[in-house]
Engineer: 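Right, I'll just put the structure down here and ask away after.
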Amino acid sequence: MSPLAGFLLVAALLFSIGLAGALTRRNAILVLIGIELMLNAANLNFIAFWRYGPHPEALTGMMFAIFSIAVAAAEAAVGLGLVIAIYRHAHTADLDQMNRMKG
Amino acid sequence: MSFVFYVLAALTIAGGLAAVLLRNLVHCALAVTVAFAGLALLFLDLDAQFAGFAQILVYIGAVAILVVFAILLTRSSETPKDGGVFSRTWLVGLAVAAAVFAMLGWAVLETAPRLPQSAPVPVVTVQQIGQALIGRYVLPLEIVALLLTAAMIGAVIVAIHEKEEAK
């Protein structure tokens, strides 16, 4: 197996773990952690394809991963701010109990 | 495939699994930090030094701290008394995740023989990355700067403590 396939398999496994966490956990913060794991798995794919691609000197995959890290940081800040706001409103971070759209 | 790769992959996957499976949310935050560190080391293993150190700075330095703050502010470290930590529909979620992994794994293994076996180590200096950032990628850089400013202000406004109804 080529090294690239190994990295892609690790990224696929990490993505699936993150997806399972986002879909099965009850706590909103754990859902955000799962989403972060999925974003990181995508970043690993970008870097792996950049490393084994035909033109690494063009830096395309590396730049995409760096911008993706920046966007993920913004997403984490806003997502955790939303969790705190919802906790203050509903006094729980349990997603199974947040079953109303009306405030 | 080197020994280093297997060790780092096992560390990352173990961190991710522990983050999803553990009951105590503080332990989950620590486990996800281990997974972020493993990913940063995998980036270094792929000769992407700048991305690896950016990953350490942003994820271990900022995102992990934010997660711990959110856990402590919402008192989520106490595990719920009724039922477990998993949702009622956990079986559906697990099935969806398993199906996604089966499809991704099949796609990777199907194309594995046609993937390049090795590539020369790319020599990328930080100077080249900086010149690319202010040259070809200057517009995305400015947009990310705007996005980070907007996200910071937005997060503060969303999470700000609302006073009682103004008279």
Side-chain angles (χ1 to χ4, degrees), chain A residues 1-10 12-21 23-27 29-30 32-34 36-37 40 43-44 47-48 50-52 56-57 59 62-63 65-67 69-78 80-85 87-88 93-96, chain B residues 1 5 9 12-13 16-17 19-20 25 28 32 35-36 39 42-43 46-48 50-51 54-55 58 62-63 66-67 70-71 73-74 76 80 85-88 90 93-94 96-97 100-101 104-105 108 112 115-117 119 122 124 128-129 132 137 140 144 147-148 151-152 154-155 158-159:
Chain A
M1 196 161 63
S2 68
L4 178 54
F7 281 105
L8 295 184
L9 275 180
V10 169
L13 190 53
L14 202 64
F15 184 90
S16 307
I17 291 171
L19 184 62
L23 290 179
T24 59
R25 289 299 290 245
R26 279 173 66 183
N27 195 292
I29 296 170
L30 245 298
L32 275 171
I33 287 181
E36 291 294 327
L37 281 177
N40 269 294
N43 277 350
L44 182 58
I47 299 280
W50 165 79
R51 170 67 176 75
Y52 291 100
E57 71 281 356
L59 287 173
M62 173 95 108
M63 284 298 161
I66 290 168
F67 285 121
I69 288 173
V71 173
E75 174 260 328
V78 176
L80 293 170
L82 281 173
V83 171
I84 291 171
Y87 175 79
R88 196 169 287 138
D94 189 339
L95 292 175
D96 279 0
Chain B
M1 299 275 259
F5 167 76
T12 309
I13 298 295
L17 271 178
V20 170
L25 250 78
C28 292
V32 85
F36 290 155
L39 272 160
L42 278 174
F43 288 176
L46 280 165
D47 302 301
F50 187 78
Q55 166 93 3
V58 173
V63 173
L66 268 179
V67 168
I71 289 170
L73 281 175
T74 59
S76 300
V85 291
F86 291 102
S87 158
R88 282 190 298 271
W90 63 275
L94 197 65
V96 169
V100 167
F101 177 65
L104 288 175
V108 170
L115 292 175
Q117 284 300 317
V124 175
Q128 279 174 289
I129 294 172
Y137 298 99
V144 161
L147 173 78
L148 285 174
M152 192 175 71
V158 163

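Any value given below was found using the heavy atoms of this structure, including those in side chains, with hydrogens, waters and symmetry copies removed. Naming: A, B, ... by sequence-line order, numbering from 1 per chain.
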Engineer: According to ring pair (Phe, Tyr, Trp, His ring centres under 6.0 Å), who are the partners of F36(B), at least two apart in sequence or on a separate chain?
Structural biologist: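 For F36(B) the ring pair (Phe, Tyr, Trp, His ring centres under 6.0 Å) partners, ignoring immediate neighbours, are Y59(B).
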
Engineer: Counting heavy-atom pairs closer than 4.5 Å to chain B, which one of T24(A), L30(A), L23(A) comes out on top?
Structural biologist: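 It is T24(A).
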
Engineer: Identify the two heavy atoms, one from F50(B) and one from I66(A), that lie closest to each other, and give their separation to 0.1 Å.
Structural biologist: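 So the minimum-distance heavy-atom pair works out to CD2-CD1, 3.3 Å.
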
Engineer: Within 45° of the six-membered ring axis of F86(B) and under 6.0 Å from that ring's centre, is NZ or CZ of R25(A) located there?
Structural biologist: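 Pair R25(A)/F86(B) counts as cation-pi.
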
Engineer: Checking A35(B) now: which residues fulfil side chain to side chain contact (heavy atoms under 4.5 Å, CB included) with it, not counting sequence neighbours?
Structural biologist: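 Side chain to side chain contact (heavy atoms under 4.5 Å, CB included) check on A35(B) returns L37(A).
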
Engineer: Side chain of R51(A), backbone of F43(B): donor and acceptor closer than 3.5 Å?
Structural biologist: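 Answer holds: no.
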
Engineer: How close do A51(B) and I69(A) get, counting heavy atoms only, and between which atoms?
Structural biologist: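 Where A51(B) meets I69(A) most closely, the heavy atoms are O-CD1, 4.2 Å.
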
Engineer: Answer with side chain, backbone, both or neither: which region of F5(B) has an atom nearer than 4.5 Å to a non-hydrogen atom of chain A?
Structural biologist: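 Contact with chain A: side chain only.
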
Engineer: Minimum heavy-atom separation for A77(A) to A155(B), with atom names?
Structural biologist: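 For A77(A) versus A155(B), the nearest heavy atoms are O-CB, 3.7 Å.
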
Engineer: Against chain A, label V67(B) side chain, backbone, both or neither, depending on which of its atoms sit under 4.5 Å from a heavy atom there.
Structural biologist: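 Interface part for V67(B): both.
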
Engineer: Please name the pair of heavy atoms, one in L59(A) and one in A132(B), separated by the smallest distance, quoted to 0.1 Å.
Structural biologist: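 Closest heavy-atom pair between L59(A) and A132(B): CD1-CB, 4.0 Å.
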
Engineer: Under a 4.5 Å heavy-atom cutoff, which of V96(B), I129(B), L148(B) has the most pairs with chain A?
Structural biologist: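 If we count pairs closer than 4.5 Å to chain A, I129(B) comes out on top.
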
Engineer: With respect to chain B, which residue among A48(A), A65(A), G6(A), G34(A) yields the maximal number of heavy-atom pairs within a distance under 4.5 Å?
Structural biologist: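 Of A48(A), A65(A), G6(A), G34(A), G6(A) has the most heavy-atom pairs under 4.5 Å with chain B.
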
Engineer: Which one, S16(A), A5(A), G21(A), leads in non-hydrogen pairs under 4.5 Å with chain B?
Structural biologist: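 Sorted descending by pairs with chain B, the first entry is S16(A).
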
Engineer: Return the option, out of T12(B), L17(B), L94(B), with the maximum number of heavy-atom pairs under 4.5 Å with chain A.
Structural biologist: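 Sorted descending by pairs with chain A, the first entry is L17(B).
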
Engineer: Any side-chain heavy atom of E36(A) within less than 4.5 Å of one from V32(B)?
Structural biologist: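 No, side chains not in contact.
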
Engineer: I need the residue from L82(A), V83(A), L80(A) with the largest number of non-hydrogen atom pairs under 4.5 Å to chain B.
Structural biologist: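 Sorted descending by pairs with chain B, the first entry is L80(A).
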
Engineer: I47(A) and A48(B): which non-hydrogen atoms are nearest, and at how many Å?
Structural biologist: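 Nearest heavy atoms, I47(A) then A48(B): CG2-CB, 3.7 Å.
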
Engineer: To the nearest 0.5 angstrom, please state how far the CG atom of L73(B) sits from the CZ atom of R88(A).
Structural biologist: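 It comes to 8.0 Å.
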
Engineer: To the nearest 0.5 angstrom, please state how far the CG atom of L44(A) sits from the CG atom of L42(B).
Structural biologist: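 If we round to the nearest 0.5 Å, L44(A):CG and L42(B):CG are 5.5 Å apart.
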
Engineer: Is any side-chain heavy atom of L46(B) closer than 4.5 Å to a side-chain heavy atom of Y52(A)?
Structural biologist: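 Sidechains of Y52(A) and L46(B): in contact.
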
Engineer: Looking at every non-hydrogen atom in both residues, tell me the closest pair between L66(B) and A76(A) and how far apart they are.
Structural biologist: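 Of all heavy-atom pairs spanning L66(B) and A76(A), the closest is CD1-C, 4.5 Å.
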
Engineer: Rounded at 0.5 Å granularity, tell me how far CG in N40(A) sits from CG in L39(B).
Structural biologist: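 Going from the CG atom of N40(A) to the CG atom of L39(B) covers 5.0 Å.
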
Engineer: Rounded to the nearest 0.5 Å, how far apart are CG of L104(B) and CG of L19(A)?
Structural biologist: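 Here the interatomic distance stands at 9.5 Å.
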
Engineer: Side-chain contact, heavy-atom cut-off 4.5 Å: S87(B) with L95(A)?
Structural biologist: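 When only atoms from C-beta onward are counted, L95(A) and S87(B) do not touch, as no gap falls below 4.5 Å.
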
